[in-house]
Q: 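After the structure tokens below, expect a handful of questions from me.
Just so you know, these numbers come straight off a predicted model, no measurement behind them. Basis for what follows: all heavy atoms, side chains included, without hydrogens, waters or symmetry-related copies. Ligands are counted one by one from 1 in listed order, and the atoms in each one are counted from 1 as well.
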Amino acid sequence: MTMDTDNAPRSSSLADSIFPAQGEMGPLCRAKNWGETPLGPVETWPESLKAAAALVAHQGIAMNLCWGPELRQIYNDAYRTIMGDKHPAGLGAPVLVSWAEIRSEVEPLFARVMQGETVYFEDLMLRVDRHGVLEDASFTFSYSPVRIESGEVGAVLINCFETTAQVRARSVQAERDRLLAELDVERSRLSYVFNKAPFFLAVVRGPDHVFEMANDSYYQLVGHRDVIGKPVSEALPEVVAQGFIELLDGVLETGVPVVGREQAIDLQQTQGAPLERAFLDFMYIPFVEANGSRTGVIAHGVDVTAQVKARLEVERLLGDAEEARREAEQANRAKAEFLAAMSHELRTPLNAIGGYVELINMEIHGPVTEAQRDALNRVHASQRHLLTLINDILTHARLEAGRMEFDRSPVQVLPLLRDVETLIAPIASGKGIAYAIRECDPGLVLMADDERVRQIILNLVSNAVKFTDRGGTVTLACEPVGDRILLSVEDDGRGIPPEKLEAIFDPFMQVGRSLNRPEAGVGLGLAISRDLARGMWGELSVESEVGGGSTFTLSLPAA
Ligand code: ADP
């Protein structure tokens with residue numbers, strides 16, 4: 001308490017009757033030299049001022065009486081707290097001087113009150129300077145008019161509570177609530193993610209691995225069993241014998257995570273149901289607390305059963321297909337070997353028949369009658385035909401068995417065609433068929449097995465003559481295309497129906513086959529020819545029109 005020490009206390013009995021003796025402000029007001037203020041000595045105060053000052057001085061609620069046109073302040077103990085460092089200078093001083101920093105805000109209020117109005121504010125925030133710094137403070141207050149003897153408003157009475165602490169507490173609470181709400185949102189988001197995650201996740205605690213958390217995917221995996229609060233061995237008894245508990249023990253003991261890829265696990269969807277196999281990609285990682293201790297294991301992963309089963313099925317099918325292919329190959333080889341052996345067994349006696357027929361024909365065993373010779377010639381013709389067929393079968397069998405060897409070397413095309421011409425010309429002219437080599441550059445050279453090319457061309461030309469009627473034409477041609485040479489045999493014979501164009505290359509396939517065609521082959525010529533062509537990195541193809549003739553084209557690498 002600061003006392004005016006320069007001037008002796010002027011405590012008058014009148015002042016004593018207005019201001020109380022207790023507290024801080026009472027004695028101060030008693031001692032104050034009011035004569036130094038425009039209010040004048042207490043003895044001169046009008047009744048209205050004395051009454052109002054006494055009211056303020058005895059009130060427990062913070063009150064400040066602002067008197068006269070300058071609004072000089074008389075305030076009580078409770079208001080003194082609100083004043084801060086503005087006291088003691090503020091006592092008897094104009095309120096708008098004491099509170100200069102909020103003058104612009106409160107001056108209009110005082111003006112309204114001087115007009116007879118009462119103003120009231122709750123928790124009004126004002127930026128005030130009470131301790132040498134500006135601070136935000138909140139006040140609930142009323143300014144009410146005080147009428148003096150003349151009946152006019154001569155003063156303003158301020159009733160005031162400072163509510164800074166409450167307002168602050170409220171805003172702290174509001175902030176807390178906001179943060180809690182945010183946390184709640186965050187938590188429910190997290191739990192949504194946790195639950196709806198496409199991967200499964202579960203947390204087990206302690207040496208018994210008691211389930212603490214599990215998400216939807218995990219529940220789905222274990223058939224929606226109630227696992228929380230139960231040890232793994234009790235919640236999922238069927239996994240006990242499958243080694244998973246030992247894995248959990250290991251992770252908890254060593255802290256080393258375990259990773260499983262496509263790990264098979266047999267699970268029951270409901271109690272007593274049969275075990276169903278699932279495949280999991282999973283990871284067990286230790287749950288490490290902030291203090292470094294391991295208290296549990298986090299199990300997370302993906303159910304890859306569908307993918308694994310699909311893959312196993314594909315592998316099984318591929319395996320079956322491979323098995324079937326191997327079996328077919330095996331069967332084919334066995335068949336080819338059988339054919340090769342049979343052909344050989346047939347050829348030996350056939351050759352013997354041919355040999356003996358010739359010996360008889362040469363009359364080595366005595367004279368032969370005309371009728372006998374005729375019969376011998378038929379036997380001989382049949383023997384040759386049969387031998388050709390058997391040779392074809394033998395070649396085909398060897399090709400099928402992959403036993404054919406090719407002796408590839410440069411082959412001049414034109415001379416080869418001429419050789420074939422020499423062989424075929426007598427038959428062609430005998431049948432009244434014109435035969436010609438159309439155009440062939442003498443410089444063309446193939447890379448192939450001479451013998452085999454000859455065999456193919458001879459076969460094509462024989463077919464052309466065979467399936468062309470008297471008066472027709474058979475033409476040979478050759479032509480280089482890129483790094484290949486095309487040899488073509490063209491006829492204007494009966495042609496081949498479009499649906500048979502591929503089939504004629506199948507073994508034993510003959511268009512319009514009939515039993516009474518003794519001169520025809522067995523349908524192996526084209527099959528053999530195409531296999532031979534392919535064996536020399538070539539190809540054999542055909543273009544044909546029924547009634548319009550056929551063109552067979554052999555394509556082979558140029559030398
Ligand atoms: P083959 O001549 O022993 O019957 P091929 O494999 O050589 O056996 O011929 C198969 C079939 O293709 C023949 O039976 C015939 O129907 C048809 N064919 C082959 N060449 C011709 C051709 N130039 N014109 C018409 N048909 C043909």
Q: Is it the side chain (CB and beyond), the backbone, both or neither of Ile496 that lies under 4.0 Å from ligand 1, heavy atoms counted?
A: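 It is the side chain that touches ligand 1; the backbone stays farther off.
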Q: Find all atoms of ligand 1 within a distance of less than 4.0 Å from any non-hydrogen atom belonging to Ala464, and give their numbers and elements.
A: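 Close to Ala464: 23 (N).
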Q: Is it true that atom CD of Glu238 has more than 12 heavy atoms of other residues, nucleotides or ligands lying nearer than 6.0 Å?
A: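 Yes - once you tally the heavy atoms of other residues, nucleotides and ligands closer than 6.0 Å, there are more than 12.
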Q: Within the structure provided, determine whether His365 and Leu359 are in side-chain contact (heavy-atom separation under 4.5 Å).
A: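 They are in side-chain contact.
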Q: Is the contact between Asp491 and ligand 1 made by the side chain, the backbone, both, or neither, using heavy atoms and a 4.0 Å cut-off?
A: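 The answer is the side chain of Asp491.
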Q: Please identify which atoms of ligand 1 are closer than 4.0 Å to at least one heavy atom of Leu524.
A: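 Once the distances to Leu524 are compared, the set is 6 (O), 8 (O).
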Q: Show, in sequence, the C-alpha distance, side-chain angles and deciding distance for Asp491 and Thr473, and conclude whether the side-chain contact (heavy atoms from CB on, under 4.5 Å) test is met.
A: CA-CA 6 Å; Asp491 66 56; Thr473 314; over 6 Å; no
Q: With a 4.0 Å heavy-atom cut-off (strictly under), which part of Phe505 contacts ligand 1: side chain, backbone, both or neither?
A: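 Under 4.0 Å from ligand 1, Phe505 contributes no heavy atoms.
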Q: Is NZ or CZ of Arg205 both nearer than 6.0 Å to the six-membered ring centre of Phe287 and within 45° of the ring axis?
A: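 Yes - Arg205 lies over the ring of Phe287, closer than 6.0 Å to its centre and within 45° of its axis.
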Q: Below 4.0 angstrom from a heavy atom of Lys466, which ligand 1 atoms are there? Numbered from 1 as shown, please.
A: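 Selected atoms, number and element: 2 (O).
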Q: With a 4.5 Å cut-off on side-chain heavy atoms, are His209 and Pro231 touching?
A: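 Side chain of Pro231 against side chain of His209, heavy atoms only: no contact under 4.5 Å found.
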Q: Check whether NZ of the Lys or CZ of the Arg Arg494 lies under 6.0 Å from the centre of the six-membered ring of Phe467 and within 45 degrees of that ring's axis.
A: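 No.
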Q: Take every heavy atom of Gly493, measure it against each atom of ligand 1, and state whether any distance is under 4.0 Å.
A: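 Judged by the 4.0 Å heavy-atom criterion, Gly493 does not count as contacting ligand 1.
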Q: Does Asp266 offer a backbone N or O that forms a donor-acceptor pair with the side chain of Gln242 under 3.5 Å?
A: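 Pair found, side chain donor or acceptor close to backbone of Asp266.
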Q: Could you pull out, from Gly495, Gly523, Gly525, the option with a heavy atom nearest to atom 3 (O) of ligand 1?
A: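 The residue whose heavy atom sits nearest atom 3 (O) of ligand 1 is Gly523.
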Q: Please work out whether any backbone atom (N, CA, C, O) or any side-chain heavy atom from C-beta onward of Lys500 is under 4.0 Å from ligand 1, and answer side chain, backbone, both or neither.
A: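 Within the 4.0 Å criterion, Lys500 makes no contact with ligand 1.
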